Student: 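Provided herewith is a single structure, encoded as structure tokens, for subsequent inquiry.
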Amino acid sequence: MNADTLKKDLSVLDIPKNHVTLGLTNLVHQSKVLASLIKHRKLPDAPLSDLQINSILLTLSTLDTNREFTLNNQYSSTPGGAERWVGVGEREGRIYSSLVSSRNFGLGHGMGRSGDIMEPQPKAVGSSILVQLTKYLVIDAMKRGSGLNSNPNGPVKHGMVLPLCTGMSMALVLSSLRENQSDPTANQRNTVLWSRIDQKSCFKAVLSAGFQCIVVPTTMDGDEVITDLMAMNEMMEQYRGQVLAVISTTSSFAPRVPDQIDEIGKLCASATDDDGSGGVAHVINNAYGLQCSTTVKLLNRACVVGRVDAIICSTDKNFLVPVGGAIITSPKKDVIQKVSKVYAGRASSAPILDLFITLLSMGLDGYKRLLDDRRLLMVDFKSRFEEMALKYSERALVCPNNTISYGITLDTLSQPLEGGSAESINKAEMTSMFGSMLFTRCISGTRVVSRAQSKIIAGQTFNGFGSSTEGFPHSYLTAACAIGLTRAEMDQFFCRLDKCFKDFWKKRSKKKASDAKKSRG
């Protein structure tokens, strides 16, 4: 819309010229906001208003050919009304419900084409702009907000945003690495080495992609569960010529701490077949590591000193959006291109739309403030957790290399009361009962892990499940000081945790008295 032409046309309405000029400045400013986003491809420092974001999205949606079908379908339009576009394909982005249309701002074509999830769609220019803009904005937030490098070997040199959870994104990355093998007639590398972390999604992702998953055991350093580099090296030698990739992890529940991804990267870079060819890819599961400056520095270092092929981050855990999206970044352009091409079909752009809106609502300043707030809260969270543990004769797990998840022991929960018998106590039952008490008091997100519990996942037995290692010597409770947590929420958590401990021991005392009464009767 040309402002000068509009100004001339409005003169016939007898609106004073100076009033029109003043009003049109708002229109010009709004058009400049979108133009600036497209030109600079950077997250604005200051957040945009809801009105500005709404205007941008409606402008983008008018560029899609389905706009008229979306707002004026046969159930709501005037009979016989002429439309500019006539769609006669099997998928024209028609949306039956006006409520669904409003929720998606009329964007009905999704993202990508059948051969490439990041390829622009001829019928959906607005949707294509949205996807590309979101990619640039989130990478900018990861660079200028979190601190990841974008130099030629940097972790965010190239990237993409997918409407998939972290686990399925991992499966997609592994599938693309299979396609990337230079000689399709050679023996296929069908093995993935996975540094153990007791979280089901990553293990299932390897199996879903059609690979054999070899679980590399971890080791302990004090309370910390850490990478066993010796075991990793031995596995590489044992499965030499068969290993496609190594999966490492940088964000985890205590007592597990981030893998030594720099050292793993060195192992992958130096790995070769007997004839000197080949190589082992390195994929990093960085689900919620963007909020931790220590992890970010480790990622930057790993990309410099060793091999890193792909880094996968969750959108919901890092940017406070609904579940369903992931960011894949890489120092290598071809890795991102191959992941993009291996995706089957088009995809929903709803998670990308959520991320786009949220990033603009935060602005770079807002995102940095969230990171700073977490860092400040982290100090109090850690000290209060330690105090709570001491109050009930427990202790904090000492895991200095994990600054998101914190843990305290729960060993006393299963100890006999005075005069009681240790044989009569089911230790796992006591720990589990405490966990259920936390949840019934509306505390979510905590993890209560009993000693020596095991779990079978897809035929693989994980002894000591929950601790990411066999034989962890304590039952324990973990809680996370993650991005978005407020001081008021933290205060409520410790207040309810304190009450939960008190109520637990009251129940134990009542049960003891009841059992004693029954035995006398």
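Computation of the quantities below employed the complete heavy-atom set of this structure, encompassing side-chain atoms and omitting hydrogens, waters and symmetry-equivalent molecules. One is the number of the first residue; the rest follow in order along the sequence. Only a predicted model underlies this, so the values are computations on that prediction, with no experimental measurement involved.
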Student: Tell me whether the guanidinium CZ or amine NZ of Lys455 lies under 6.0 angstrom from the six-membered ring centre of Phe465 and within 45° of its axis.
Tutor: yes
Student: Mark yes when over 12 heavy atoms from residues, nucleotides or ligands other than Lys42 sit less than 6.0 Å from its NZ; otherwise mark no.
Tutor: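 At most 12 heavy atoms, drawn from other residues, nucleotides or ligands, come within 6.0 Å of this atom.
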Student: With rounding to the nearest 0.5 angstrom, report the CD1 to CD1 distance, Ile327 to Ile312.
Tutor: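 With rounding to 0.5 Å, CD1 (Ile327) is 11.0 Å from CD1 (Ile312).
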Student: For the CG atom of Leu37 and the CD1 atom of Ile56, what is their distance to the nearest 0.5 Å?
Tutor: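 Atom-to-atom, Leu37:CG and Ile56:CD1 are 5.0 Å apart.
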Student: I'd like to know if the side chain of Thr134 and the backbone of Leu130 have a donor-acceptor N/O pair within less than 3.5 Å.
Tutor: yes
Student: With rounding to the nearest 0.5 Å, note down the distance linking CD in Glu119 to NZ in Lys341.
Tutor: 7.0 Å
Student: Would you confirm whether Asn149, through its side chain, and Val156, through its main-chain N or O, come within 3.5 Å as a donor-acceptor pair?
Tutor: no
Student: Given the rule in the side chain to side chain contact (heavy atoms under 4.5 Å, CB included) test, do Arg374 and Thr403 qualify, once you have shown the distances and angles that lead to the verdict?
Tutor: CA-CA 10 Å; Arg374 192 199 77 84; Thr403 58; 4.2 Å; yes
Student: Would you say the side-chain atoms of Ser36 pair up with the backbone N or O of Val33, donor to acceptor, closer than 3.5 Å?
Tutor: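 Between the backbone of Val33 and the side chain of Ser36 there is no qualifying donor-acceptor contact (under 3.5 Å).
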Student: Examine the side chains of Tyr343 and Ser176 and answer whether a donor and an acceptor come within less than 3.5 Å of each other.
Tutor: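 Per modelled atom types, Tyr343 and Ser176 side chains form no pair under 3.5 Å.
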Student: Using 0.5 Å steps for rounding, measure from the OH atom of Tyr288 to the OG atom of Ser252.
Tutor: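 Nearest 0.5 Å value for the OH-OG distance: 5.5 Å.
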Student: Between Asp309 and Lys332 (salt bridge meaning N to carboxylate O under 4.0 Å), is one present in this structure?
Tutor: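 Between Lys332 and Asp309 there is a salt bridge, with a charged N closer than 4.0 Å to a carboxylate O.
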Student: Is there a donor-acceptor contact under 3.5 Å linking the side chains of Ser195 and Arg256?
Tutor: yes
Student: Between the side chain of Ser340 and the main-chain N/O of Met118, is any donor-acceptor distance below 3.5 Å?
Tutor: yes
Student: Do other residues, nucleotides or ligands put more than 12 heavy atoms under 6.0 Å from Met490 CE?
Tutor: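 Result for CE/Met490: enclosed.
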Student: So that I can tick it off, tell me whether Asp116 and Arg113 are bridged by a salt bridge, with the cut-off set at under 4.0 angstrom between side-chain N and carboxylate O.
Tutor: no
Student: Nearest 0.5 Å, what's the CZ-CH2 distance between Arg196 and Trp194?
Tutor: 8.0 Å
Student: Using salt bridge (Lys or Arg N to Asp or Glu O under 4.0 Å) as the criterion, list what pairs up with Lys143, not counting sequence neighbours.
Tutor: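 If we apply the salt bridge (Lys or Arg N to Asp or Glu O under 4.0 Å) test to Lys143, skipping adjacent residues, there are no hits.
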Student: If the condition is salt bridge (Lys or Arg N to Asp or Glu O under 4.0 Å), which residues does Asp45 pass it with, not counting sequence neighbours?
Tutor: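 Listed in chain order: Arg144.
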Student: Is the terminal nitrogen or CZ of Arg178 (NZ for Lys, CZ for Arg) located under 6.0 angstrom from the six-membered ring centre of Phe211 and within 45° of that ring's axis?
Tutor: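 Yes - Arg178 lies over the ring of Phe211, closer than 6.0 Å to its centre and within 45° of its axis.
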Student: For the SG atom of Cys268 and the CZ atom of Arg307, what is their distance to the nearest 0.5 Å?
Tutor: 7.0 Å
Student: Going through the checks in order, is the side chain to side chain contact (heavy atoms under 4.5 Å, CB included) test met by Ser169 and Ile328?
Tutor: CA-CA 8 Å; Ser169 296; Ile328 301 176; 4.2 Å; yes
